[in-house]
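Encoded as structure tokens, the structure appears first; notes follow it.
Residue numbers run from 1 in the order of the sequence given. Just so you know, these numbers use all the heavy atoms, side chains as well, and skip hydrogens, waters and symmetry mates. What you are looking at is a predicted structure, and each value in this text was computed from that prediction instead of being measured.
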Amino acid sequence: MGKVIFLDIDGVLNSNFWNADHQREISDGKYIDTEKVRLLSKLVKKAEAEIILHSGWRFWFDTDLKPLRSEAGYLAELLKKRECNLLDRRG
């Protein structure tokens, strides 16, 4: 395993500040600030790292990292667009 970033979602890729202005997105199950994903992708690329979810959100994916909820699907879609790889938590 190479370099990894242990990523929490709540308070990192979203926040109460962001939530206050994005009620429509939240009601659509899109709890992620896309600007924060863009910044994360810059860090991932610069560090040549991959991501391990260190978040309650990890339970929204199955053991093969397939999303189990729409929110997880949206997160996976955003990360994929930015070429950020999630690592299987089993290593």
Next item on the list: Answer yes or no: is there a side-chain heavy-atom contact under 4.5 Å between Ile51 and Val4?
Entry: no
Notebook entry, point to check: Does Leu79 offer a backbone N or O that forms a donor-acceptor pair with the side chain of Arg82 under 3.5 Å?
Noted result: no
Margin query: What I'd like to find out is whether the side chain of Leu13 reaches to under 4.5 Å of the side chain of Lys36, using heavy atoms alone.
Written below: yes
Note to self: Does Lys81 have more than 12 heavy atoms from other residues, nucleotides or ligands lying within 6.0 Å of its NZ?
What the structure shows: no
Next item on the list: Using the side-chain contact (heavy atoms from CB on, under 4.5 Å) rule, take Leu87 and Glu50 through it: C-alpha gap first, then chi angles, then the decisive distance, then the call.
Entry: CA-CA 7 Å; Leu87 284 180; Glu50 294 180 286; 3.3 Å; yes
Item checked: Sub-4.5 Å side-chain heavy-atom contact between Ile9 and Trp60 -> no
Margin query: Rounded at 0.5 Å granularity, tell me how far SG in Cys84 sits from CD1 in Ile5.
Written below: 8.0 Å
Next item on the list: Check the pair Val37, Leu39 against side-chain contact (heavy atoms from CB on, under 4.5 Å), reporting the backbone distance first and the verdict last.
Entry: CA-CA 5 Å; Val37 174; Leu39 293 171; over 6 Å; no
Checklist line | Least distance between heavy atoms, Pro67 atom then Gly73 atom | finding: CB-N, 3.4 Å
Notebook entry, point to check: If you take all heavy atoms of Trp57 and Glu71, which pair is closest and at what distance?
Noted result: CZ3-O, 3.6 Å
Next item on the list: Please round to the nearest 0.5 Å and tell me the distance separating atom NZ of Lys45 and atom CD of Glu48.
Entry: 12.0 Å
Checklist line | Side chain to side chain, Leu7 and Ile52, heavy atoms closer than 4.5 Å | finding: no
Note to self: Given Leu65, which partner from the list Leu86, Asn85, Leu53 fulfils the side-chain contact (heavy atoms from CB on, under 4.5 Å) test?
What the structure shows: Leu86
Next item on the list: Please round to the nearest 0.5 Å and tell me the distance separating atom OG of Ser55 and atom CG of Asp10.
Entry: 5.5 Å
Item checked: Derivation and outcome, side-chain contact (heavy atoms from CB on, under 4.5 Å), residues Phe61 and Leu68 -> CA-CA 5 Å; Phe61 292 85; Leu68 299 172; 5.6 Å; no
Margin query: Checking the side chain of Asp33 only, and the main-chain atoms of Glu35 only, is there a donor and an acceptor separated by less than 3.5 Å?
Written below: yes
Note to self: Between Lys46 and Lys42, is the side-chain contact (heavy atoms from CB on, under 4.5 Å) condition met? List the steps.
What the structure shows: CA-CA 6 Å; Lys46 186 167 182 84; Lys42 288 177 70 173; over 6 Å; no
